[in-house]
Amino acid sequence: RNVVSWNAMMGVYTQHGQAREALRVFHLMQLEGVMPDKPTFISFLSACSCPASLAEGKQMHARVVASGFDSDAVVGTAIVNMYVKCGSLDNARNAFDTMPNRDVVSWSAIIGAYALYGQGKEALELFQQMQREGVVPNKITFS
């Protein structure tokens, strides 16, 4: 088994709402000494989708940073989304603020998070900051 097969297993469990199984697969992958890659991190972070998985999500965030994958906008956005799903808007914002590379998707994720939590003023301020930084909004940003 290689990282691709492990990622496929994690992805299937995550897509079918079986986050615990996805996390179990990740831990088995580690026991076999297989190094995670970008899709591994994204799958794992997607599986952490409720307050009960916040601690594991935080651990994975630290591992992402240690591995250098935090410079990837897709992985960074997955971290932001994980914190939002786990109910930790402050951690989501901190992750967003420390992202070295942000794109329209990451901006839309954090703006949407503030809107979701009923903080329209902050969402609007972020939208204006996004425009000041030259990022062009897309359909998702407005939804």
Side-chain angles (χ1 to χ4, degrees), residues 1-30 34-143:
R1 293 183 270 200
N2 61 22
V3 71
V4 175
S5 59
W6 286 106
N7 289 345
M9 288 174 39
M10 283 180 56
V12 168
Y13 283 126
T14 300
Q15 288 176 354
H16 287 90
Q18 296 181 13
R20 273 211 159 125
E21 285 301 309
L23 301 177
R24 186 183 68 76
V25 167
F26 176 79
H27 294 299
L28 289 172
M29 181 180 107
Q30 285 188 322
V34 177
M35 295 299 296
D37 62 3
K38 178 180 168 177
T40 308
F41 290 124
I42 292 169
S43 288
F44 187 96
L45 291 163
S46 296
C48 297
S49 59
C50 67
S53 58
L54 179 61
E56 287 183 297
K58 283 183 175 182
Q59 289 174 354
M60 185 55 68
H61 182 186
R63 185 147 184 193
V64 166
V65 171
S67 70
F69 281 100
D70 61 320
S71 64
D72 184 277
V74 176
V75 176
T77 302
I79 292 168
V80 170
N81 286 331
M82 177 273 298
Y83 281 126
V84 171
K85 291 179 198 172
C86 289
S88 183
L89 187 57
D90 288 341
N91 281 324
R93 179 60 184 267
N94 185 50
F96 175 79
D97 287 343
T98 59
M99 284 176 68
N101 299 306
R102 300 185 292 213
D103 60 13
V104 68
V105 178
S106 51
W107 278 101
S108 297
I110 196 66
I111 291 167
Y114 276 95
L116 178 70
Y117 282 90
Q119 297 187 28
K121 180 180 178 194
E122 184 64 29
L124 184 58
E125 289 173 5
L126 282 164
F127 178 77
Q128 292 167 343
Q129 180 182 348
M130 176 184 80
Q131 290 184 305
R132 282 192 303 273
E133 292 187 18
V135 178
V136 178
N138 63 16
K139 292 178 185 178
I140 294 171
T141 312
F142 293 113
S143 61

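Note that the numbering runs from 1 along the sequence shown for the chain. We use all heavy atoms of the structure for the numbers below, so side chains are in, but hydrogens, waters and symmetry mates are not.
- For the pair D72 and F41, the minimum side-chain heavy-atom distance is 4.5 Å or more.
- Contact check for M9 versus L28: no side-chain heavy atoms found under the 4.5 Å cut-off.
- Side-chain contact between P39 and V3 is absent, with no heavy atoms from C-beta onward closer than 4.5 Å.
- Looking only at side-chain heavy atoms (C-beta outward), T141 and V104 come within less than 4.5 Å of each other.
- Nearest heavy-atom pair, G57 versus L45, reported as atom, atom and distance to 0.1 Å: O-CD2, 4.3 Å.
- Residues C50 and C86 come closest through the heavy atom pair O-SG, 3.1 Å.
- Considering F96, F142, Y114, F127 in turn, F96 is the only one that fulfils the ring pair (Phe, Tyr, Trp, His ring centres under 6.0 Å) rule with W107.
- Atom-to-atom distance recorded for S43:OG and M60:CE is 10.0 Å, nearest 0.5 angstrom.
- Atom CE of M29 is separated from atom CE of M35 by 8.0 Å, given to the nearest 0.5 angstrom.
- Counting heavy-atom neighbours within 6.0 Å of H27 NE2, excluding the residue itself, gives a total above 12.
- Annotation: side chain of D97 is in contact with side chain of R102 (closest heavy-atom distance under 4.5 Å).
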#### Entry: Derivation and outcome, side-chain contact (heavy atoms from CB on, under 4.5 Å), residues W6 and V25
CA-CA 7 Å; W6 286 106; V25 167; 3.5 Å; yes
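- In summary, the side chains of T40 and N7 do present a donor paired with an acceptor at a separation below 3.5 Å, with no hydrogens or angles considered.
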### Query
Between E122 and Y117, does a side-chain contact (heavy atoms from CB on, under 4.5 Å) hold up when you go through it step by step?
CA-CA 10 Å; E122 184 64 29; Y117 282 90; over 6 Å; no
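- Side-chain atoms of E125 and Q129 include no donor-acceptor pair closer than 3.5 Å.
- The CD1 atom of I42 sits 10.5 Å away from atom CE of M10, with the distance rounded to the nearest 0.5 Å.
- Checking side-chain atoms of T77 against main-chain N and O of A73 turns up a donor-acceptor pair under 3.5 Å.
- Here the closest non-hydrogen pair linking Q131 and P137 is NE2-CG, 4.4 Å.
- In N2, the CG atom is crowded: over 12 heavy atoms of neighbouring residues, nucleotides or ligands sit closer than 6.0 Å.
- Here the NE2 atom belonging to H61 is positioned 8.5 Å from the CG atom belonging to N91, to the nearest 0.5 angstrom.
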### Task
Decide side-chain contact (heavy atoms from CB on, under 4.5 Å) for C48 and L54; before the verdict, give the C-alpha distance in whole Å, the side-chain angles of both, and the deciding distance to 0.1 Å.
CA-CA 7 Å; C48 297; L54 179 61; over 6 Å; no
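- For L124, the CG atom is densely surrounded, since the number of other residues' heavy atoms within 6.0 Å is greater than 12.
- What you find for R24 and Y13 is that their closest heavy atoms are NH2-OH, 4.5 Å.
- Here the CD1-OG distance, from I111 to S106, works out to 9.5 Å after rounding to the nearest 0.5 Å.
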### Query
Passes side-chain contact (heavy atoms from CB on, under 4.5 Å), Q18 versus V12? Steps please.
CA-CA 9 Å; Q18 296 181 13; V12 168; over 6 Å; no
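- S108 places a side-chain heavy atom less than 4.5 Å from the side chain of N138.
- When all heavy atoms are compared, the tightest approach of V64 to S67 is O-OG, 2.8 Å.
- A donor-acceptor pair is defined here as one N or O able to donate and one able to accept, closer than 3.5 Å; such a pair exists between the side chain of N101 and the backbone of S71.
- A distance of 6.5 Å separates CZ of R93 from CD1 of I110, quoted to the nearest 0.5 Å.
- Nearest heavy-atom pair across A115 and A123 is N-CB, 4.1 Å.
- Proximity of V136 to M130: side-chain heavy atoms (C-beta onward) are nowhere separated by under 4.5 Å.
- With a 4.5 Å cut-off on side-chain heavy atoms, E56 and F44 count as touching.
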